[in-house]
There are 2 protein chains.
Amino acid sequence: MNILLIEDETRVADFIRRGLKAEGWVVEHATDGETGLEIMQDRDFDIVILDLMLPGITGQRVCQKMRARSNTTPVLMLTALDSADERVAGLRLGADDYLPKPFDFDELIARLHALHRRNTSYADDADDGKLRHEGLIYDYSAMVLTVDDVVVDLSAKERELISLLMTSERKALSRERILNSVWGTHEDPMTNVVDVYIGRLRKKLGPYSGLIKTVRGAGYRFG
Amino acid sequence: MNILLIEDETRVADFIRRGLKAEGWVVEHATDGETGLEIMQDRDFDIVILDLMLPGITGQRVCQKMRARSNTTPVLMLTALDSADERVAGLRLGADDYLPKPFDFDELIARLHALHRRNTSYADDADDGKLRHEGLIYDYSAMVLTVDDVVVDLSAKERELISLLMTSERKALSRERILNSVWGTHEDPMTNVVDVYIGRLRKKLGPYSGLIKTVRGAGYRFG
DNA sequence: ATCTTCGATCAAAAGAATGTTCATGATCCT
DNA sequence: AGGATCATGAACATTCTTTTGATCGAAGAT
């Protein structure tokens, strides 16, 4: 369960981020609308939490642009004012829910769950915390990978890697992004760990090893 | 797409450089401000990534000098401190954006794209990250070219080339511009790589090969 | 406390795909 | 026709990827 939080005030953002992490959500944070939109082009999220007051383009505009791009990710809008007008305007621009600041953390959580449920029940009836692709199922909460209903043992890094790949379906990921995201690296380690782990994963995926494609000169892509 | 990276820590610089290269940027690297300024006198870049802590003159000073020379290239500042003061100071000196270290690679990429787009004043609301023309679709986040719904494999240079061509629809591009943008060449190299790659690309475009037109004496044009 | 085991990392080498150049042949334009 | 410009195939050079085996280190077992 991935959330993109677009919020410029660091204090608020940290507060939300910490809380959501504790709930088991994975939170990516962008401090302005442009950045948020860009990140959404590379990754898919389950929900976007969007502040209305942002530097640069406004939250409304971000939402509008998302919809114009046929991005249907549920959007929860945060605003300082509890004005019915704003709410209506927001919803018309494609927001799915709306929460006035300051808000109760419990209420935030509740709304997120509601949004998530609503969204996933429409599509293929359940996000049970699993990533699926053909005969591949990665169960987040159980941390188990199943290949054609056969459980495959993965190490910690392998799990993070497959999870990153599967949540970035059809997006090319550079080794650096992978290193940054899975290993937390910020400098060049002059190593080929990523390649080695991709190799191991492919072996474990058996018949589906081909799902991890090599994009020569760029990195790897799942699906 | 050319970037000038001014950063003294080699490991960090290498990491950024590789990552950006994988994303399709051509990166020039300077380890100090003076060198950076010199390089900028000879060449134009799409974006400058500027570390604040540099040996010799500081990043702020570099930025200031650039602006004093009426160089309007967008500047993305990197700094170790997440201080609002520094941010404000940086922006006042002419920086266009700011990123605290250590940063997420995703966010770096996102900001670069945002800066670049802002600069080229590209306001396409329906931009879903794909370039389309007739039966040709280039998805640059997946790095995949589709010809009449059939995926065609492209090499890194071919990808950069088709992406450049498709974003410059109906504009003639000289070999020099193509060389500069895709290969990062700035002097006259007496080579015919561009011709060779245009040829390869045409072959892969199959029925759409005619979309890449030769403009005799000038270069090539897409669409 | 030591051993054992497994995961994580590294380094080297083989293998594959890509990048570049050159030479030749085709095409265009006057 | 003839010079200039462009297209193309093939050889060669380079870079990137994969694979393998060895090493290091942490966690758990004895």
Side-chain angles (χ1 to χ4, degrees), chain A residues 143 145 152-162 164-165 172-185 187-205 209-222, chain B residues 11 14-15 17-24 26-27 143-145 151-165 172-176 178-185 187-206 209-222:
Chain A
M143 309 223 273
L145 178 72
V152 174
D153 279 327
L154 295 184
S155 75
K157 288 275 190 284
E158 288 166 350
R159 283 194 302 265
E160 290 196 45
L161 182 54
I162 191 70
L164 172 65
L165 288 170
L173 298 173
S174 67
R175 289 178 175 68
E176 286 70 22
R177 281 201 202 203
I178 296 174
L179 271 172
N180 189 189
S181 166
V182 176
W183 277 264
T185 312
E187 8 185 277
D188 188 353
M190 293 295 288
T191 175
N192 68 340
V193 241
V194 175
D195 303 46
V196 173
Y197 271 83
I198 290 282
R200 290 190 187 168
L201 258 184
R202 279 180 172 149
K203 213 165 282 171
K204 296 195 177 182
L205 295 192
S209 67
L211 281 175
I212 303 180
K213 306 232 168 44
T214 303
V215 186
R216 222 153 203 285
Y220 299 94
R221 174 165 42 85
F222 182 88
Chain B
R11 314 218 91 201
D14 282 351
F15 185 66
R17 181 156 51 168
R18 285 169 187 247
L20 294 186
K21 193 178 165 198
E23 301 285 334
V26 178
V27 181
M143 304 207 178
V144 168
L145 177 73
V151 171
V152 174
D153 278 326
L154 296 184
S155 77
K157 288 275 190 294
E158 288 165 352
R159 287 192 302 262
E160 288 312 309
L161 183 54
I162 190 70
S163 151
L164 172 64
L165 287 169
L173 298 172
S174 68
R175 290 181 175 67
E176 288 71 25
I178 296 175
L179 267 173
N180 180 56
S181 177
V182 177
W183 277 265
T185 316
E187 332 114 20
D188 180 12
M190 293 300 289
T191 172
N192 71 335
V193 244
V194 175
D195 301 56
V196 173
Y197 271 84
I198 290 282
R200 290 187 184 173
L201 213 43
R202 278 179 173 152
K203 209 166 286 170
K204 295 194 177 183
L205 295 192
S209 68
L211 281 174
I212 303 180
K213 306 229 168 43
T214 302
V215 185
R216 241 186 133 71
Y220 298 94
R221 175 166 46 82
F222 181 88

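Just so we're on the same page: letters track the sequence lines, and every chain starts at 1. Quick note: numbers below take in every heavy atom, side chains included, and nothing from hydrogens, waters or symmetry partners. Predicted model, so just to flag it, every value in this text is computed and none were measured.
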Student: Which part of the nucleic acid, if any, lies within contact of A/V182, taking any heavy atom under 4.0 Å across all strands shown: a base, the sugar-phosphate backbone alone, or nothing?
Tutor: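 No contact.
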Student: CD of B/E158 to CG of B/D153: how many Å apart, nearest 0.5 Å?
Tutor: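 Taking CD in B/E158 and CG in B/D153, the distance rounds to 9.5 Å.
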Student: Do the side-chain N or O atoms of B/R175 get closer than 4.0 angstrom to the phosphate oxygens (OP1, OP2) of D/dT5?
Tutor: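 No, because none of the side-chain N or O atoms of B/R175 sits under 4.0 Å from OP1 or OP2 of D/dT5.
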Student: Looking only at side-chain N and O atoms, does A/T191 come under 4.0 Å of OP1 or OP2 in C/dC10?
Tutor: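 Yes, within the criterion.
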Student: Is B/D14 salt-bridged to B/R17, cutoff N-O under 4.0 Å?
Tutor: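 A salt bridge is present here (some side-chain N lies under 4.0 Å from a carboxylate O).
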Student: From CG of B/N192 over to C1' of D/dG9, roughly how many Å is that when rounded to an integer?
Tutor: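 Atom CG in B/N192 sits about 12 Å away from atom C1' in D/dG9.
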Student: More than 12 non-hydrogen atoms from neighbouring residues, nucleotides or ligands closer than 6.0 Å to NZ on B/K21, yes or no?
Tutor: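 No.
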Student: Within this structure, what is the OH-to-P distance between B/Y197 and D/dA7, rounded to whole angstrom?
Tutor: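 Rounded to whole Å, this separation is 16 Å.
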Student: Rounded off to whole Å, could you give me the CZ-to-P distance for the B/R202 and D/dC6 pair?
Tutor: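 B/R202 atom CZ is separated from D/dC6 atom P by 11 Å.
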Student: Taking atom types as modelled and ignoring hydrogens, do the side chains of A/R175 and A/T185 form a donor-acceptor contact shorter than 3.5 angstrom?
Tutor: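 No donor-acceptor contact under 3.5 Å links the two side chains.
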Student: Expressed as a whole number of angstroms, how long is the span from B/D153:CG to D/dT17:P?
Tutor: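 For the pair B/D153 CG and D/dT17 P, the rounded distance is 14 Å.
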Student: Send over the distance from B/R18 CZ to D/dT15 C1', rounded to a whole Å.
Tutor: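 Computing the B/R18:CZ to D/dT15:C1' distance gives 12 Å.
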Student: Please report the distance, rounded to the nearest Å, between NZ in A/K157 and C1' in C/dT9.
Tutor: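 After rounding, the gap between these two atoms is 11 Å.
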Student: Is there a donor on the side chain of B/R216 or the base of D/dT5 sitting less than 3.5 Å from an acceptor on the other?
Tutor: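 Flag set: donor-acceptor pair detected.
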Student: Classify the side chain of A/D195 versus the base of C/dT9 as yes if they form a donor-acceptor pair under 3.5 Å and no if they do not.
Tutor: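 Side chain to base: no pair below 3.5 Å.
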Student: What is the distance from CE of B/M190 to P of C/dC22, rounded to the nearest Å?
Tutor: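 To the nearest whole Å, that distance equals 10 Å.
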Student: Taking only side-chain nitrogens and oxygens of A/W183, does any of them come within less than 4.0 Å of OP1 or OP2 of C/dT9?
Tutor: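 Answer yes for this pair, as a side-chain N or O of A/W183 is under 4.0 Å from OP1 or OP2.
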Student: Could you check which of C/dA8, D/dC6, C/dA16 has an atom nearest any side-chain atom of A/A156?
Tutor: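 For the A/A156 side chain, the nearest candidate turns out to be C/dA8.
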Student: Which comes earlier along DNA chain D counting from the 5' end, the contact point of A/A218 or that of A/V196, where each point is its nearest nucleotide?
Tutor: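 Here A/A218 is the residue nearer the 5' end.
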Student: Report yes or no: does B/R159 contribute a side-chain atom to a donor-acceptor pair with the main-chain N or O of B/L154 at less than 3.5 Å?
Tutor: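 Pair found, side chain donor or acceptor close to backbone of B/L154.
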Student: Rounded off to whole Å, could you give me the CZ-to-P distance for the A/R221 and D/dT17 pair?
Tutor: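 Rounded to the whole Å, the gap is 14 Å.
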Student: Taking only the side-chain nitrogens and oxygens of B/T214, find out if one of them lies under 4.0 Å from OP1 or OP2 of D/dT5.
Tutor: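 Answer is no, no contact under 4.0 Å.
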Student: Taking only the side-chain nitrogens and oxygens of B/K21, find out if one of them lies under 4.0 Å from OP1 or OP2 of D/dC16.
Tutor: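 Affirmative; the distance criterion is met.
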Student: Should B/S155 be listed as having a side-chain N or O under 4.0 Å from OP1 or OP2 of C/dG19?
Tutor: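 Checking C/dG19 against B/S155, a side-chain N or O does come within under 4.0 Å of OP1 or OP2.
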Student: Is any side-chain N or O of B/K203 closer than 4.0 Å to OP1 or OP2 of D/dG9?
Tutor: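 Looking at the OP1 and OP2 atoms of D/dG9, one of them is under 4.0 Å from a side-chain N or O of B/K203.
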Student: Please work out if A/V194 contacts a base, only the sugar-phosphate, or nothing of the nucleic acid, heavy-atom cut-off 4.0 Å.
Tutor: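 Since no nucleic acid heavy atom lies under 4.0 Å of A/V194, the category is nothing.
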Student: May I ask you to decide if B/V215's main-chain N or O and B/R221's side chain share a donor-acceptor pair within less than 3.5 Å?
Tutor: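 Such a contact is absent between B/R221 side chain and B/V215 backbone.
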